[in-house]
S.K.: 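First the structure, then my questions, so here it is.
The structure displayed is predicted, hence computed values, not measured ones. Side chains are part of it too, since the values below use all heavy atoms of this structure and drop only hydrogens, waters and symmetry mates. Naming: A, B, ... by sequence-line order, numbering from 1 per chain.
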Number of protein chains: 2
Amino acid sequence: MAQNTASDKKPTINDVARLANVSKKTVSRVLNKSPLTTEVTRARVEKVIDELGFVPNPQARALALRRNFFIVLFHDNPNAQTVLNFQKGVLDRIKTSDLALVVRPVDRHSPDMLDDIAHFLDQQRPLAALVLPPISEDDRIAELLRAKNVEYARIGSAQLDDLPHSVFSNDREAVKAACSELIRAGHKAIALIKGPAGFRSAAEREQGFREAMAAAGLPVEEHFVVEGTYRLNSGYVAAQKLLAGDNPPTAIFASNDEMAAGALHAARERGINVPEDLSLVGFDDSPTASHLWPPLSTVRWPIMEMGRMAAQKVAQRYLPDGTDTDLDDAQLSSEFISRKSIAPPRHLQ
Amino acid sequence: MAQNTASDKKPTINDVARLANVSKKTVSRVLNKSPLTTEVTRARVEKVIDELGFVPNPQARALALRRNFFIVLFHDNPNAQTVLNFQKGVLDRIKTSDLALVVRPVDRHSPDMLDDIAHFLDQQRPLAALVLPPISEDDRIAELLRAKNVEYARIGSAQLDDLPHSVFSNDREAVKAACSELIRAGHKAIALIKGPAGFRSAAEREQGFREAMAAAGLPVEEHFVVEGTYRLNSGYVAAQKLLAGDNPPTAIFASNDEMAAGALHAARERGINVPEDLSLVGFDDSPTASHLWPPLSTVRWPIMEMGRMAAQKVAQRYLPDGTDTDLDDAQLSSEFISRKSIAPPRHLQ
DNA sequence: TTGTAGGCGTTATCAT
DNA sequence: ATGATAACGCCTACAA
């Protein structure tokens, strides 16, 4: 790319216009792919653009269009790995463009959350917004985005909006598959450590568990269903409770890896070996899952792919390398990952 | 804050000027805290600003000032938790301002890295840049930032630049303290799994290890020093090697938690119990550290605080709530965290 | 199909 | 200390 050297002045649309012998507006038309230009002039203008290494100034465009050329990511810190992988996916998709990604954590427990978001949107006027769970489940945010006329996509464990505004995984199916694996190994007394009430992901994963049990004709013992908070300690506490009874479960599905790690600690403390005495499955495929001993069987959430798809969805027209993805695609598959934390129950070993 | 309702038109500097009976420029002066205004006019203007709920339009400012009101974070994905915690610290500090944080991962192995950064800076003209390790150690990036006249701060395990452009921790001291803890417990045969050559953090941590040994008058057996890559598996391999000998170490300091997790697996595979037969210390205080069994003693890297301080450093004048931090402060302390992975060596138990 | 004039909302220059 | 006028670099309306 030709670059100006010493002067350090970047060429403007005026320079291009002058050298191409056309008006600013014509250059503008070329830049914005307006159909109202002759092939000839377009070619001439593009040649000059290339020679100059001209790149439109985003600030000026922002002012004129009243729209900033970036995508915001709103989230209320689910786990770090999730946020970062998602960011990575988004950035991966937009890196060849001139878009930027700005991060905006919010506090879903603050009464000011909506006002904060509104203020941010008014101030910064982003091109588009991406919303990660759990706040993606908040319909008020989507309404706000629509009202402010900001393109958006909601990410979730299940479809949260119409297709053009959704990117989601099939947690339910994935959990069903994972639990079916447990059942196939011979387990019947399977416990569930579920996520906190009110989280869509928690509900979906619970459903998947129940469907797997039902499909196998196994009853769900309700005292084998314990609620956690998605934090390590809640998994520990839940497992203590589950393992304390006379007929403890031979397998546990924990709705995320962190709780599974907690459950693992609880088992170890009671001298219960995993997987010999207790099989364990988590969800997320966090780094922790593979760092544990035994390495944890889990479900990989396609979060990076979701980031890529979300970026594609909301910013397609600003991304150079076309429409390889069908816009109606919105669902990506979670995938069961088998590691060493599953074994047949004792009596079958 | 007074908000216009139906019209949805946000007030501009012109509205303020008209209602306050002054010129745009005067309003601008008030906004920018220019000393060239009477107390009286300033008060009058500020009153109108409040009543209108006027907020300057960042896009227009950006165009006029040729500078975008955001901070970029450049990084080449160290671990997710680090990046995210740093982001959190930065955002925490700037959240009451009108600044935004944009994330820009780069690939330090790409020959285009510098060009990419340069292009980004030219295009986006950020107010300031923050650079996370390991790329913060690359002097060429700092040069670029200076050349492009972008305020910046480099984050590291030791001072990487002059004080105004540095935020760093004292890895060496912290590791020294951690290893001294091992020595105090009675260990003499202590091994080091160090980080990859060329990383400043690796060098600092190694130094800390050596200083602790020297201070205790203990020799460093060079076959007890093995290099890893900061990844789990390299810790596993290193520990296999360390534990295979006739006189294996009774304690290992791994230069990060991930490698410590790998070492833990290796030990477990050989039937070596942690901490009874082998004490283990990591570095980072990652979530993994507390999820392992036994919970890993480690060093907490004050990464969030570093984010806060870095934001303060580069954007002080744009942040509303003043100068509570001394700008010359650049160092933050890492802290040893004692958990269950340390015990006296066998013969002292 | 192309160009002219004017606007987006702010800051800078240079008088007064 | 304040204000008129001109940038900043792009885009939209409207005219040609």
S.K.: Within this structure, what is the CZ-to-C1' distance between Phe69(A) and dC11(D), rounded to whole angstrom?
M.R.: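 About 11 Å, once rounded to whole Å.
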S.K.: Indicate yes or no for a side-chain donor-acceptor contact from Thr37(B) to the backbone of Arg42(B) under 3.5 Å, with no hydrogens or angles considered.
M.R.: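 Pair absent, no side-chain N/O of Thr37(B) close to backbone of Arg42(B).
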S.K.: Output one letter per nucleotide in nucleotides 5-16 of chain C: B when a protein non-hydrogen atom lies under 4.0 Å from the base, S when only the sugar-phosphate is that close, - when neither is.
M.R.: ---BBBBB----
S.K.: Between the two end axes of the helix from dT1(C)-dA16(D) to dT16(C)-dA1(D), each built from 5 base pairs, what angle do you get to the nearest 10°?
M.R.: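 Inter-axis angle at the termini of the helix from dT1(C)-dA16(D) to dT16(C)-dA1(D): 30°.
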S.K.: Between the side chain of Thr12(A) and the main-chain N/O of Asn14(A), is any donor-acceptor distance below 3.5 Å?
M.R.: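 Yes.
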S.K.: After noting the C-alpha distance and the side-chain angles of Asp162(A) and His165(A), does the key distance pass the side chain to side chain donor-acceptor pair (under 3.5 Å) rule?
M.R.: CA-CA 6 Å; Asp162(A) 51 17; His165(A) 297 110; 2.7 Å; yes
S.K.: Counting only side-chain nitrogens and oxygens, does Thr41(A) get under 4.0 Å of the OP1 or OP2 atom of dT2(C)?
M.R.: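 The answer is yes; a side-chain N or O of Thr41(A) sits under 4.0 Å from OP1 or OP2.
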S.K.: Give a yes or no on whether the backbone of Ala20(B) and the side-chain of Arg44(B) come within a donor-acceptor separation of less than 3.5 Å.
M.R.: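 Yes; judged by distance alone, with no hydrogens or angles, the pair exists.
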S.K.: In this structure, how many angstroms lie between the C1' atom of dC10(D) and the CG atom of Asp15(A), rounded?
M.R.: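 After rounding, the gap between these two atoms is 13 Å.
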S.K.: Would you mind reading off the distance between Asn21(A) atom CG and dT1(C) atom C1', rounded to a whole angstrom?
M.R.: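 Whole-Å distance recorded here is 16 Å.
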S.K.: Can you tell me how the ring of Phe70(B) sits relative to the ring of Phe120(B), calling it parallel under 30°, perpendicular over 60° and tilted otherwise?
M.R.: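 Aromatic pair Phe70(B)/Phe120(B) classed tilted.
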S.K.: Rounded to whole Å, please give me the gap between CZ in Arg42(B) and P in dT2(D).
M.R.: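 In whole Å, dT2(D) P lies 10 Å from Arg42(B) CZ.
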S.K.: When the distance from CZ of Arg18(B) to C1' of dA4(D) is rounded to whole Å, what number comes out?
M.R.: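 Interatomic distance, CZ of Arg18(B) to C1' of dA4(D): 18 Å.
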S.K.: Considering just the side-chain nitrogens and oxygens of Thr26(B), establish if one lies under 4.0 Å of OP1 or OP2 belonging to dG3(D).
M.R.: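 Yes, because at least one side-chain N or O of Thr26(B) sits under 4.0 Å from OP1 or OP2 of dG3(D).
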S.K.: Applying salt bridge (charged side-chain N to carboxylate O under 4.0 Å, His left out), name anything that partners Asp139(A), two or more places apart in sequence or on another chain.
M.R.: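 Residues passing salt bridge (charged side-chain N to carboxylate O under 4.0 Å, His left out) with Asp139(A): Arg154(A).
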S.K.: I'd like to know if Asp98(A) pairs up with Arg61(A) as an ion pair, taking the criterion as any Lys NZ or Arg NE/NH1/NH2 lying under 4.0 Å from an Asp or Glu carboxylate oxygen.
M.R.: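 No salt bridge links Asp98(A) with Arg61(A).
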S.K.: In plain terms, say whether Asp50(A) and Lys47(A) are close enough for a salt bridge, that is, a side-chain N and a carboxylate O under 4.0 Å apart.
M.R.: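 Answer for the salt bridge query: no.
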S.K.: Provide, to the nearest angstrom, the distance between the CG atom belonging to Asp122(B) and the C1' atom belonging to dG9(D).
M.R.: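 To the nearest whole Å, that distance equals 16 Å.
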S.K.: Using 0.5 Å steps for rounding, measure from the OG1 atom of Thr41(B) to the CD atom of Glu39(B).
M.R.: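 Reported to 0.5 Å precision, the distance equals 8.0 Å.
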